[in-house]
> 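I have a structure here, written as structure tokens, and I will follow up with some questions on it.
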Amino acid sequence: DCHQNINSIKLLPLYGYGKVKERSQLYYNQIKKLYKKIFKRADRIFFICHSQGSVVTTFLVSYLIKYNIIIPAEQAITILSMAGIHHGPYMDIPGDLYSATSELFQFAQIHTALAQEYLSIVEELLYDNHIIFIAIASFNDEVVPLYSAILQHFDAAPGLYRGIWYKALTDVFFKQLFSSIMTKASGNHDLLLHISGLFRGSIFNRKLFHSEIHHDITPYENALNVSYQHDTINAIKLKSNINNRRNYQSFILFNSLLTD
């Protein structure tokens with residue numbers, strides 16, 4: 001039961017602002033100074049992140065592994081990324097107000113040094129360290145395209161789960177979207193790149209879907225269940241995919257019919 005031993009759970013908030021690598025280094029220093037023993041003793045670690053925080057967290061986890069504060073071979077490590085800006089934001093949003101905002105456009109340009117470094121780290125976490133990485137897009141996101149939030153660049157991996165959080169859609173419509181994303185498993189890497197703009201929300205909405213996703217409990221509950229069930233899920237898949245480590249496809253659907 002993933003809800004047992006609730007008293008043994010520790011919530012460790014991290015604080016800081018700035019560019020991606022500055023924030024990740026700041027958080028690493030906080031953990032090293034304040035929480036190192038807690039991390040080392042933990043059986044299971046969840047990193048919860050949103051938007052820019054998703055790429056910050058990815059760098060942070062790589063630092064923690066590099067300096068042996070967490071050990072993937074001995075601990076279950078899960079990253080829940082909500083509306084993550086993995087491949088950058090929409091290119092036409094205002095980005096020159098703050099340096100930390102301007103930097104994010106580099107992730108949309110795959111040949112930049114920052115984007116290359118980031119993609120290399122994600123690949124290492126997925127394929128070498130076997131991190132459970134749950135990448136959830138927010139449907140009608142005004143800031144981040146669907147393909148960016150679900151890590152479209154990567155083929156499927158044993159620990160990579162993708163999903164879309166939405167408030168209300170017809171079943172038929174969502175099944176069509178679901179099918180288009182699943183075509184990635186059969187080699188169509190570009191479809192979502194072309195259709196993501198069709199599902200972009202308006203910045204003039206009273207509530208912004210980019211932010212609202214992390215106010216809902218649904219992604220957290222499902223991520224917790226997936227993390228605890230991951231070993232069972234992949235034990236089944238490994239039997240048929242043992243010779244091809246990239247031949248996996250896992251998609252989880254988050255559905256939150258919220259009311260105002």
> Please report the shortest heavy-atom distance between Pro145 and Pro89, naming the atom on each side.
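Of all heavy-atom pairs spanning Pro145 and Pro89, the closest is CD-C, 3.8 Å.
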
> Can His87 and Leu151 be said to form a side-chain contact (heavy atoms from CB on, under 4.5 Å), step by step?
CA-CA 7 Å; His87 304 323; Leu151 279 168; 4.2 Å; yes

> In terms of heavy-atom contacts, does NE2 of His215 have more than 12 from other residues, nucleotides or ligands at under 6.0 Å?
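Check passes, neighbour count above 12.
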
> Would you list the atom pairs, donor with acceptor, under 3.5 Å between side chains in residues 63-71 and any protein atom, with sequence neighbours excluded?
none

> Answer whether the closest heavy-atom distance between the side chains of Ile213 and Pro219 falls below 4.5 Å.
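Yes; the side chains approach each other to less than 4.5 Å.
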
> Could you tell me whether the side chain of Leu104 reaches within less than 4.5 Å of the side chain of Val20, counting heavy atoms only?
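They are in side-chain contact.
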
> Is Val55 close to Ile85 at the side-chain level, that is, under 4.5 Å between some pair of heavy atoms?
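Yes; the side chains approach each other to less than 4.5 Å.
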
> How long is the straight-line distance from CZ of Arg162 back to CD1 of Ile134, given to the nearest 0.5 Å?
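Answer rounded to 0.5 Å: 12.5 Å.
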
> Evaluate the side-chain proximity of Val61 to Asn129: yes if any heavy-atom separation is below 4.5 Å, no if none is.
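SC-SC contact between Asn129 and Val61 ruled out.
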
> Report yes or no: does Glu103 contribute a side-chain atom to a donor-acceptor pair with the main-chain N or O of Gly18 at less than 3.5 Å?
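Checked: no pair found.
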
> What's the spacing between Phe107 CZ and His153 NE2 if we round to 0.5 Å?
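Answer for the CZ-NE2 pair, Phe107 versus His153, is 13.5 Å.
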
> Would a 4.5 Å heavy-atom cut-off, applied to side chains only, mark Phe39 and Lys32 as touching?
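Answer no - side chains too far apart.
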
> Stepwise, does the side-chain contact (heavy atoms from CB on, under 4.5 Å) test hold for Phe105 with Thr112?
CA-CA 10 Å; Phe105 291 94; Thr112 63; over 6 Å; no

> Against the six-membered ring of Tyr228, is Arg44 placed for a cation-pi contact (under 6.0 Å from the centre, within 45° of the normal)?
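Satisfied, under 6.0 Å and within 45°.
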
> Does Ser62 reach the main-chain N or O of Phe59 with its side chain, forming a donor-acceptor pair under 3.5 Å?
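Flag set: sc Ser62 to bb Phe59 pair under 3.5 Å.
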
> List the residues meeting ring-ring contact (aromatic ring centres under 6.0 Å, His included) with Tyr35, not counting sequence neighbours, and say none if there are none.
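Residues passing ring-ring contact (aromatic ring centres under 6.0 Å, His included) with Tyr35: none at all.
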
> Between SG of Cys49 and CG of Leu80, what distance do you get to the nearest 0.5 Å?
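Cys49 SG to Leu80 CG: 6.5 Å, rounded to 0.5 Å.
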
> Which atoms form the tightest heavy-atom contact between Val144 and Gly84, and what is the distance?
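Heavy-atom minimum between the residues: CG1-O, 3.3 Å.
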
> Mind listing the closest non-hydrogen atom pair of Ser148 and Gly88 along with its distance?
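Smallest interatomic distance, heavy atoms only, reads OG-O, 2.9 Å.
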
> Taking atom CD1 of Ile77 and atom CD1 of Ile79, what is their separation to the nearest 0.5 Å?
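The CD1 atom of Ile77 sits 8.5 Å away from the CD1 atom of Ile79.
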
> Test side-chain contact (heavy atoms from CB on, under 4.5 Å) on Met82 and Ile48 and set out the steps.
CA-CA 8 Å; Met82 293 175 282; Ile48 310 299; 3.7 Å; yes

> I'd like a table of donor-acceptor pairs (distance under 3.5 Å, sequence neighbours excluded) in which one partner is a side-chain atom from residues 113-122, with atom names and distances.
from	atom 1	to	atom 2	distance (Å)
Gln116	NE2	Ile110	O	2.6
Glu117	OE1	Lys21	NZ	3.0
Glu117	OE2	Lys21	NZ	3.1
Tyr118	OH	Thr58	OG1	3.2
Tyr118	OH	His86	ND1	2.6

> Indicate yes or no for a side-chain donor-acceptor contact from Gln75 to the backbone of Ile45 under 3.5 Å, with no hydrogens or angles considered.
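Looks like no, no N/O pair under 3.5 Å.
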
> Quick one: closest heavy-atom pair of Ala83 and Asp141, and the distance?
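Looks like CB-OD2, 3.5 Å.
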
> What closest approach, in Å, do Gly16 and Tyr27 show between heavy atoms, and which atom pair accounts for it?
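Of all heavy-atom pairs spanning Gly16 and Tyr27, the closest is O-OH, 3.2 Å.
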
> Below 4.5 Å, heavy atoms only, C-beta onward: do His214 and Tyr220 meet side chain to side chain?
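Result yes, sub-4.5 Å side-chain heavy-atom pair found.
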
> Which distance, rounded to the nearest 0.5 Å, do you find between the CG of Asp216 and the OG of Ser138?
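So the CG of Asp216 and the OG of Ser138 are separated by 10.0 Å.
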
> Hey, could you give me the CG/CD1 distance between Leu224 and Ile217, rounded to the nearest 0.5 Å?
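With rounding to 0.5 Å, CG (Leu224) is 10.0 Å from CD1 (Ile217).
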
